[in-house]
2 protein chains.
Amino acid sequence: MNTLAYGLLSLLSHSHLSGYDLMLKLQPFWPAKHSQIYPLLSNLEKEEQVTFELVAQTDKPDKKVYTITEKGIDSLREWLSVPASDPVLRDELMIKAYCLSFVDPAISRKLFVSRLEYYHIKLQRYEEKITHILKKSGVNEGEIPSYQSPYLGAYILLNKALMSCKTNIEWCTWVLKVIPADNE
Amino acid sequence: MNTLAYGLLSLLSHSHLSGYDLMLKLQPFWPAKHSQIYPLLSNLEKEEQVTFELVAQTDKPDKKVYTITEKGIDSLREWLSVPASDPVLRDELMIKAYCLSFVDPAISRKLFVSRLEYYHIKLQRYEEKITHILKKSGVNEGEIPSYQSPYLGAYILLNKALMSCKTNIEWCTWVLKVIPADNE
DNA sequence: TAGTTATATGTAAAAAGAGACATACAATCA
DNA sequence: TGATTGTATGTCTCTTTTTACATATAACTA
């Protein structure tokens with residue numbers, strides 16, 4: 001059982017999802033390709049952490065919809081009791097930032113302008129998602145879902161995503177102010 | 001040539017370092033173990049991107065001090081001209097946050113309290129480093145190293161690290177306010 | 001004095017992750 | 001009509017990363 005497996009169980013603890021849906025939903029928290037997810041799901045099924053049901057579809061290909069078992073929930077509970085391992089961030093832009101002065105300011109600027117675009121797209125998505133979650137959870141303006149609410153987890157995560165995104169936009173904007181506008 | 005290789009070249013573009021030092025210095029930007037770095041350095045040496053010199057030490061084991069070549073600098077310049085790939089963050093705590101409600105609030109709180117400690121230690125280190133860098137670069141109060149300054153890269157990176165760290169502390173603190181203090 | 005930590009370099013094996021190959025159906029687009 | 005995109009599942013291979021094995025010296029600690 002690796003972290004990815006717990007990621008799948010976590011998502012399944014909130015709703016029934018196909019491998020494909022799990023892959024899409026997991027991206028913001030623990031990026032993984034379908035080639036990693038499908039074999040893992042079949043392992044989890046063998047270990048009776050999850051079960052699946054074949055769901056036939058007419059407009060789309062048939063799918064396997066997975067459900068977490070009691071054993072799976074127990075695994076999650078046990079895993080939650082041990083401290084989380086240190087976060088790992090790998091960002092090429094950070095290495096490039098370190099040796100910026102080897103190239104033209106125009107080239108440096110490009111790196112941060114395109115990253116800024118990337119974060120702006122993310123920001124918009126997160127803002128849409130957070131209003132969606134708050135609407136679904138049915139809390140009033142300014143309120144937060146309760147500890148028992150199944151929406152609390154998603155709300156906490158989206159808040160982190162939003163905060164980090166804003167900080168990164170701030171950083172990129174600041175860097176663009178530091179890099180001279182033209183090759184002087 | 002993968003990102004790790006460029007990470008090593010980036011560090012070597014600013015100073016002469018041993019494999020061990022490279023490993024330590026690289027951690028905040030592109031975490032890697034020594035088992036990954038030593039073979040890579042010997043490849044880079046074969047490709048004439050770096051050279052090394054055996055340096056004998058009396059109090060510590062002897063070491064190989066690496067130097068970047070002109071070819072290595074050219075590789076860096078070329079690499080800087082292509083856009084940076086998307087950043088990858090993997091954080092177990094985010095997955096745990098998603099299914100928080102399956103365990104006692106006390107257990108949930110522990111996760112965030114220990115993470116908060118982790119970030120506070122990081123914050124202190126980054127603050128020490130940034131004052132150190134600014135002192136070395138010789139800029140005046142409130143000023144920023146110039147584009148040509150070899151300290152600009154480190155200053156930009158430390159600012160990002162500091163900003164992110166503060167945001168994460170803010171997030172953890174907020175989460176701890178959301179999780180009820182006792183099992184009610 | 002025995003164990004740990006730090007410095008320093010290396011290899012081997014296992015696990016994790018990315019990319020390509022493979023198939024299939026429906027919808028949309030040029 | 002042919003190409004692409006989205007949905008859906010799967011395997012295989014290659015790269016990347018982690019963990020373990022291996023050695024050696026010095027300093028510090030219990």
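Reminder, nothing fancy here: chain letters follow the sequence lines and each chain counts from 1.
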Salt bridge (charged side-chain N to carboxylate O under 4.0 Å, His left out) involving B:Asp74 - partner list, sequence neighbours excluded: B:Arg77

Does anyone know the first and last nucleotide of DNA chain D in reach of chain B, 5' to 3', at under 4.0 angstrom to a heavy atom? D:dT16 to D:dA26

When you measure from the side chain of B:Gln27 to the backbone N and O of B:Ala32, does any donor-acceptor pair fall under 3.5 Å? yes

Would you mind reading off the bend of the helix from C:dT1-D:dA30 to C:dA30-D:dT1 from its two end axes, five pairs each, to 10 degrees? 30°

What's the NZ-C1' distance between B:Lys33 and C:dA15, to the nearest Å? 13 Å

Under the 3.5 angstrom rule, does the side chain of A:Arg90 hit a backbone N or O of B:Leu89 as a donor-acceptor pair? no

Heavy-atom nearest nucleotide on DNA chain D for B:Ser35 versus A:Tyr38: which residue maps closer to 5'? A:Tyr38

Applying ring-ring contact (aromatic ring centres under 6.0 Å, His included), which residue pairs with at least one partner in residues 110-154 of chain A are found, sequence neighbours left out? A:Phe112-A:Trp171

Between A:Trp79 and B:Tyr98, does the ring centroid distance fall short of 6.0 Å? no

Side chain of B:Leu24 (C-beta onward), nearest among C:dT7, C:dT11, C:dG10: C:dT7

Give A:Lys63 one of three labels, base, sugar-phosphate or nothing, depending on what nucleic acid heavy atoms sit under 4.0 Å from its own. sugar-phosphate

Pairs under 3.5 angstrom, nitrogen or oxygen only, protein versus nucleotides 23-27 of chain C, please.
unit_1, atom_1, unit_2, atom_2, d
C:dA26, O4', A:Asp59, O, 3.3

Rounded interatomic separation in angstrom, taking CG from B:Leu22 and C1' from C:dA8: 13 Å

Can you tell me the distance, in whole Å, between the CG atom of B:Asn2 and the P atom of C:dG17? 17 Å

Have a look at A:Ser18 and say if it touches a base, only the backbone sugar-phosphate, or nothing, with a 4.0 Å heavy-atom cut-off. sugar-phosphate

Set of residues satisfying side-chain hydrogen bond (donor to acceptor under 3.5 Å, both in side chains) with respect to A:Ser18, sequence neighbours excluded: A:Asp21

